[in-house]
Amino acid sequence: MIDPKIIREHIDVLEKALAQRQAAFDTAKLREIDEKRRSLIVETEKLKNEKNVLSNEIAKLKKSGADASGQIEYQRSLGQRIEACARDLRAAEEEWEQLALVIPNIPDSSVPVGTSDEDNAVVKTWGEKPAFDFAPKAHWDLGEDLDILDPKRAVKITGSRFALYKSQGAMLERALINFMLDLHVREHGYTEVLPPFMVNRTSMTGTGQLPKFEEELFHLDGVDYFLIPTAEVPVTNIHADEILKEDELPIKYVSYTPCFRKEAGAHGKDTRGLTRLHQFNKVELVKFAHPDNSFDELEGLTLDAEDVLKRLNIHYRVSALCTGDLGFSSAKTYDIEVWLPGQEIYREISSCSCFTDFQARRAKIRFRRQGGKTELVHTLNGSGLAIGRTVMAVMENYQDADGTINVPEALKPYMHGLDRITRL
RNA sequence: GGAGAGGUGACCGAGUAGGCCGAAGGUGCUCGCCUGCUAAGCGAGUGUACGGUGAAAGCUGUACCCAGGGUUCAAAUCCCUGCCUCUCCGCCA
C-alpha cells in the first residue's frame with residue numbers, strides 16, 4: 001500500500017505513477033472516500049468523547065448515591081447515534097481499503113519510463129554466448145534423450161505443467177538447491193530459513209498477492225490457506241507486525257521452497273520443458289532494509305543472485321524493468337536473464353525488487369529509529385535463483401555434441417564428483 | 001480427535017461481587033546524578049494505531065488487556081464463537 005499522505009497531499013505524484021505504469025485507477029473517487037472517511041472519524045470520536053465524559057459523571061453520581069436516571073437515559077440515545085455513525089465509518093473505511101489495496105507501488109525515479117518489456121533497459125551483460133560446432137539442443141530434448149526428465153509421466157500423475165525429474169536430473173536439481181543455499185549463507189551473509197509452504201490470507205495480503213491476484217494462487221479446500229507462489233510471502237511475513245531494532249538492519253534471509261502458480265493467462269505459452277510450471281523450486285533472497293539505503297541493498301542483492309551464474313560460468317544479462325513492466329508491489333526491479341543456446345533466447349531466471357515501504361505498510365513491519373520514532377522498513381527480494389530454469393541453463397550451456405552434459409566445476413562437489421551426465 | 005487449564009504492555013506479573021484501569025509492582029531499556037574501575041545506589045522517562053490542532057516541539061481525541069460478536073448507561077473484568085498455547089489420553093511421520 002502506498003502512503004495515504006500521497007493521496008491527500010501529492011495526488012499528482014500518484015497520477016503520474018499510474019500513467020507511467022499504464023494502470024487505470026480512479027483517483028478522484030479515492031480522494032472523495034478518503035475525505036468522507038476522515039470526517040466520519042471526527043464525528044464518531046466526538047460523540048464517543050461525549051459518552052466517555054458522561055460515563056464518568058454517572059459513575060460519580062452512583063457512587064455518591066445520587067440519581068442518574070436522566071443521564072443514563074441520554075446516554076442510551078447517544079449510544080444509538082454512535083452506532084449509526086460507526087456503521088457509516090466502517091463502510092467508508094472498507095471502501096477506502098478496497099481501493100487502496102489495489103493501487104500499485106510508485107516507481108522509483110531511476111526506473112526507465114516505458115510501456116512494455118521492449119522498453120526495459122539492459123544495464124549489464126556478463127560472459128559470452130558459448131560457441132558450439134554443432135546445433136545445440138533445447139533442454140527438453142536433451143532431458144528426454146538422457147532419460148532425466150519424464151514429462152509424459154508427470155502429466156499422467158497430475159496434469160500439464162508439472163515435471164518429473166529422474167536420476168541424475170533429480171540430483172542436479174538437488175545439487176543446485178544446496179549449492180545456492182551454501183553460497184548465500186556462507187559467502188553472502190544470509191540466514192537460512194525453511195518456512196511453511198502454505199500461508200493464510202493475511203500473509204498473502206501483506207506482500208501484495210491479495211486481493212488483486214487471487215486467480216494466480218492455488219487455494220486449499222476446507223481451510224483458508226494458499227500454496228505459496230514464492231518464498232517471498234512466508235519469509236517477508238516473518239517480521240509482520242513487528243518493530244525491529246535499527247541496528248539489526250539489514251536482515252537477510254535465504255530460503256529454498258517450492259513455488260505454486262496457476263499461470264492463468266499463459267495458456268499455450270512455454271508448454272515444453274521446465275520453463276513454466278505449476279510447481280517449481282526456487283531459492284529466494286529476502287532483505288529487510290533501512291529506508292536510507294534500500295536501493296543500495298537492491299544492487300547488492302542483485303549481485304548476490306548474479307554470483308550464482310558467475311560461479312556456474314553461464315552468460316547472462318541484467319535489465320532494469322521499465323515502468324510499464326514493473327510488478328504491482330515493486331518500486332524498482334532488475335531481471336536477470338540467462339542465455340539458453342538450445343532455444344536461442346534470453347530467459348528470466350531471477351527478478352530482484354525493492355518494494356520500498358509498500359509491503360511493510362501492509363504487513364506492519366517497522367523499526368525504531370535512533371531517537372525513538374517508529375518507521376516502516378523497506379523490503380526487498382529476488383530469486384537466487386529459480387532452480388528449474390537454472391537446470392535448463394546448465395543443460396543447454398554445458399551440452400556436448402553427443403547429447404551428454406558436462407557438470408560445471410562449481411557443482412561437482414554437490415554431484416558427488418560426477419563430471420558428466422549421461423544416459424544410464 | 002477426546003478431557004482439562006490458560007491467553008494482560010519488550011519481558012515477568014497484579015488486576016473477577018463491571019465504573020476511579022492504558023492498566024499496580026518488578027525486570028529490562030533510555031537519559032541524568034552519584035560512586036577512583038566493576039557492582040550497587042538515587043531521580044526521571046519508557047506501548048501501538050488512527051484522527052484533530054500546530055511551521056515544529058508539543059498539545060489533544062478515539063481505539064486497543066488474543067480476535068470477532070453480544071449483554072449493559074458503562075467490560076481487561078460477564079456471555080457466545082473462533083484462533084493460539086500448555087497438560088493428560090488417543091492417533092501418527
Side-chain angles (χ1 to χ4, degrees), chain A residues 1-10 30-101 103 194-206 220 222-226 234 237-249 251 258 288 357-377:
Chain A
M1 199 154 78
I2 62 164
D3 188 343
K5 282 205 194 85
I6 290 175
I7 297 163
R8 264 174 252 166
E9 293 160 24
H10 304 287
L30 182 72
R31 281 188 94 164
E32 182 194 315
I33 290 162
D34 185 47
E35 269 164 42
K36 182 174 159 198
R37 174 182 142 261
R38 280 183 302 141
S39 72
L40 280 167
I41 288 174
V42 173
E43 199 180 334
T44 33
E45 292 195 349
K46 209 181 279 173
L47 288 170
K48 281 182 175 174
N49 177 236
E50 198 183 334
K51 186 186 94 171
N52 289 343
V53 170
L54 192 55
S55 245
N56 279 329
E57 277 176 36
I58 291 171
K60 277 185 199 139
L61 285 171
K62 285 245 177 191
K63 208 175 171 186
S64 67
D67 173 55
S69 54
Q71 281 83 347
I72 288 174
E73 201 47 50
Y74 180 70
Q75 192 72 304
R76 207 170 267 146
S77 70
L78 203 53
Q80 283 165 2
R81 281 163 65 199
I82 289 170
E83 203 169 310
C85 223
R87 204 175 5 235
D88 291 348
L89 175 60
R90 224 173 302 134
E93 231 139 41
E94 225 162 85
E95 200 176 351
W96 183 86
E97 196 174 86
Q98 268 184 359
L99 284 174
L101 283 177
I103 301 171
L194 184 62
F197 301 160
M198 301 174 198
V199 299
N200 60 32
R201 194 169 281 275
T202 304
S203 294
M204 280 292 187
T205 307
L220 270 69
V223 274
D224 197 17
Y225 294 164
F226 298 85
N237 278 286
I238 287 175
H239 294 299
D241 252 316
E242 291 184 15
I243 299 175
L244 304 167
K245 294 200 182 76
E246 183 172 28
D247 60 17
E248 62 187 338
L249 300 177
I251 295 172
F288 300 82
D357 61 11
F358 188 86
Q359 293 180 326
R361 184 171 292 105
R362 290 169 164 244
K364 301 188 185 70
I365 309 168
R366 293 151 294 174
F367 73 102
R368 196 180 302 282
R369 216 183 249 275
Q370 195 72 40
K373 286 270 185 200
T374 59
E375 204 174 313
L376 296 164
V377 304

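Here is the naming used below: chain letters follow the sequence lines, and residue numbers restart at 1 for every chain.
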Next on the checklist: Please encode protein proximity along nucleotides 58-84 of chain B as a string of B, S and -, counting only heavy-atom distances under 4.0 Å.
Outcome noted: ---BBS---------BS----------

Next on the checklist: Tell me whether the side-chain N/O atoms of A:Arg38 come closer than 4.0 Å to OP1 or OP2 in B:rG52.
Outcome noted: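 True: A:Arg38 side-chain N/O within range (under 4.0 Å) of B:rG52 OP1/OP2.
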
Checklist entry - Looking only at side-chain N and O atoms, does A:Ser39 come under 4.0 Å of OP1 or OP2 in B:rG51? => result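 Negative; the distance criterion is not met.
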
Checklist entry - For A:Cys85 and A:Thr44, which heavy atoms make the closest approach, and how far apart are they? => result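 Taking A:Cys85 first and A:Thr44 second, the nearest heavy atoms are CB-CG2, 3.2 Å.
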
Figure out the [atom1]/[atom2] separation between [X] and [N], and round it to whole Å.
X        : N      : atom1 : atom2 : answer
A:Arg37  : B:rG52 : CZ    : C1'   : 14 Å
A:Lys5   : B:rG52 : NZ    : P     : 11 Å
A:Arg368 : B:rA10 : CZ    : C1'   : 9 Å
A:Glu246 : B:rA10 : CD    : C1'   : 18 Å
A:Leu47  : B:rG52 : CG    : C1'   : 15 Å
A:Leu244 : B:rA10 : CG    : P     : 14 Å
A:Glu375 : B:rU48 : CD    : P     : 13 Å
A:Ile243 : B:rC11 : CD1   : P     : 11 Å

Checklist entry - Which residues pass the salt bridge (Lys or Arg N to Asp or Glu O under 4.0 Å) test with A:Glu43, sequence neighbours left out? => result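 Once residues adjacent in sequence are excluded, A:Glu43 has no partner under the salt bridge (Lys or Arg N to Asp or Glu O under 4.0 Å) criterion.
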
Checklist entry - Using purine N1 to pyrimidine N3 plus N6-O4 or O6-N4 for Watson-Crick, or N1-O2 and O6-N3 for G-U wobble, each under 3.5 Å, what pairs with B:rG18? => result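 Across any shown strand, B:rG18 pairs with none.
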
Checklist entry - Can you tell which of A:Ile7, A:Asp34, A:Ile33 makes a side-chain contact (heavy atoms from CB on, under 4.5 Å) with A:Leu99? => result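 Answer after filtering A:Ile7, A:Asp34, A:Ile33: A:Ile33.
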
Item to check | Pairwise P distance for B:rC79 and B:rG19, with rounding to whole Å | outcome: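 Looking at atom P only, B:rC79 and B:rG19 are 15 Å apart.
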
Checklist entry - Out of B:rG52, B:rA49, B:rC20, which has the shortest distance to the side chain of A:Arg366? => result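 Of the options given, the side chain of A:Arg366 lies nearest B:rA49.
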
Next on the checklist: Taking CD in A:Glu242 as the centre, count heavy atoms belonging to other residues, nucleotides or ligands within less than 6.0 Å. Is the count above 12?
Outcome noted: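 Check passes, neighbour count above 12.
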
